[in-house]
Amino acid sequence: MRNDNLKSYLNLHLIVFIWGFTAILGALITIDAENLVWYRMLIAMIFLGGFIAFKKQSFQVPVKEFLKLIFVGLLIALHWIFFFRAIHVSNVSITLSIFSLGAFFASLLEPLFYGRKVLWYEVLFGLIIIAGLGLILQVEIKYLEGVYYALAAIILGVLFTLMNGKLISDHEPSVITFYEFGAGVFFITIYFLFQGKFKADFFEMSLNNWVLLLILASICTAYAFTASVKVMQRLTPYTVMLTTNLEPVYGIVLAYFILGGKEKMSVEFYVGAVIIIITVILNGVFKHYQNKKENL
């Protein structure tokens, strides 16, 4: 059992590393953010459909739940579009430093979804995070547009994560995600049809872009998701939460060494990013011990 937990913990770090690499791929793929998300969701949906068929799982979901999945799929599509657009107009480091706010935003929105009180330390940590964000913006003001896109992406991400938390508890996660990706593809397709984007040049991409897209959709999306669900069945939510907060760290370090150039930020940026990441982790630690006290 101990070896199984260690294996799951190492697998979780591998998954978080893969999630951090997603931003690198987004920077390397040279097509528009909307096109990138359409291809990503379509290819990942095909991989997930094959996985569900291989596992002989049922594709059936109640109509009421299906309507919720359609809405969540729209949120996911918008979340990824804003995410990749933030990378394209700024860089990976800026985008992921803002993305580290995700766990904190979730703790603020949880009271609305689950009817609990806002805790004092969440307000304190919120002020510290704002200070860290202010330090980043003070020296990296030229990336302000990217910050706005990243903030929009993370808020949408928190919303669909909270909604998914309720849906996945009642249904098979791979089936839920299959329909959400399908809904995302549907909405983007409708938008593209109105924009007249489905022309020959839409499907003409370099071999490099196709290879990177396949890696993004298969390994970084379909595989990482199904593997993370399996790992989460063995590890505590607290362990998972703390480890996933390392995603921005992995991504920023990878960007520095792989992309170089504009990914090399000022000292003040890294100080601000560290303040944000440490505060988010402390928020998780406080929440963990608060829950333990309440359960005594």
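Counting heavy atoms from C-beta on, the side chains of Asn91 and Ile94 come closer than 4.5 Å. A heavy-atom distance below 4.5 Å is not found between the side chains of Phe82 and Thr95. A heavy-atom distance below 4.5 Å is not found between the side chains of Ile29 and Phe84. Looking only at side-chain heavy atoms (C-beta outward), Leu156 and Phe83 stay at 4.5 Å or farther from each other. In this structure, Leu259 and Leu28 have side chains that are in contact, with non-hydrogen atoms separated by less than 4.5 Å. Tyr179 places none of its side-chain heavy atoms less than 4.5 Å from the side chain of Glu65. Considering only heavy atoms from C-beta on, Phe21 comes within 4.5 Å of Ile258 through its side chain.
Here CG of Leu75 is found 12.5 Å from CD1 of Ile70. Values are rounded to the nearest 0.5 Å. For the atom pair CD1 (Ile128) and CD1 (Ile278), the distance works out to 10.5 Å, reported to the nearest 0.5 Å. The distance from atom CD1 of Ile81 to atom OH of Tyr191, rounded to the nearest 0.5 Å, is 8.0 Å. We find the OG-CG distance between Ser90 and Leu96 to be 9.5 Å, quoted to the nearest 0.5 Å. Going from atom OG of Ser93 over to atom CG of Leu254 covers 10.5 Å, rounded to the nearest 0.5 Å. Residue Phe181 holds its CZ atom at 6.0 Å from OG1 of Thr221, rounded to the nearest 0.5 Å.
Nearest heavy-atom pair, Gly26 versus Ile87, reported as atom, atom and distance to 0.1 Å: C-CG2, 4.3 Å. Across all their heavy atoms, Gly251 and Ile24 have their closest contact at O-CD1, 3.8 Å. Residues Ala222 and Ala44 approach most closely at CB-O, 4.2 Å, considering heavy atoms. Of all non-hydrogen atoms in Cys220 and Ala224, the two that sit nearest each other are O-CB, 3.6 Å. Listed here is the closest heavy atom pair of Ala86 and Gly146: CB-O, 3.5 Å.
The stretch residues 76-86 participates, sequence neighbours left out, in these salt bridge (charged side-chain N to carboxylate O under 4.0 Å, His left out) pairs: Glu34-Arg85. Pairs of residues two or more places apart, or lying in two chains, that qualify as side-chain hydrogen bond (donor to acceptor under 3.5 Å, both in side chains) and include a residue from residues 43-58 are Gln57-Ser174. Sorted pairs that involve residues 145-157 and meet side-chain hydrogen bond (donor to acceptor under 3.5 Å, both in side chains), not counting sequence neighbours, are lacking altogether.
In this structure Thr189 satisfies the side-chain contact (heavy atoms from CB on, under 4.5 Å) test together with Trp38, Val185, Leu193, Phe198, sequence neighbours excluded. Take Tyr250 and apply the side-chain hydrogen bond (donor to acceptor under 3.5 Å, both in side chains) test, not counting sequence neighbours, and it matches His13.
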Let me have the donor-acceptor pairs involving side chains of residues 202-217, under 3.5 Å, with sequence neighbours excluded, atom names and distances please.
unit_1: Ser206; atom_1: OG; unit_2: Asn209; atom_2: N; d: 3.2
unit_1: Asn209; atom_1: OD1; unit_2: Thr30; atom_2: N; d: 3.1
unit_1: Asn209; atom_1: OD1; unit_2: Thr30; atom_2: OG1; d: 3.4
unit_1: Asn209; atom_1: ND2; unit_2: Thr30; atom_2: OG1; d: 2.9

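Tested against Ile188, the residues Leu42, Asn35, Val37 include a single side-chain contact (heavy atoms from CB on, under 4.5 Å) partner, Val37.
Within a 6.0 Å sphere centred on CZ of Phe192, other residues, nucleotides and ligands contribute more than 12 heavy atoms. Annotation: Tyr270, atom OH; neighbour count of heavy atoms from other residues, nucleotides and ligands within 6.0 Å is above 12. In the displayed structure, Phe59 atom CZ is contacted under 6.0 Å by more than 12 heavy atoms of other residues, nucleotides or ligands. Dense packing is recorded around CD of Gln195, with more than 12 heavy atoms of other residues, nucleotides or ligands lying under 6.0 Å away.
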Discussion item. Evaluate Arg40 against Thr22 for side chain to side chain contact (heavy atoms under 4.5 Å, CB included), listing each step before the verdict.
Written reply: CA-CA 11 Å; Arg40 179 187 188 179; Thr22 298; 3.9 Å; yes

Worksheet item: Yes or no on ring-ring contact (aromatic ring centres under 6.0 Å, His included) for Phe160 and Trp80, after CA distance, side-chain angles and deciding distance?
Response: CA-CA 12 Å; Phe160 83 69; Trp80 279 342; 7.5 Å; no

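Checking side-chain atoms of His79 against main-chain N and O of Val158 turns up no donor-acceptor pair under 3.5 Å.
Connection of Leu48 to Phe54 is not established within any shared hydrophobic cluster, with ILVMFWY side chains joined at heavy-atom distances below 4.5 Å, either directly or through further cluster members.
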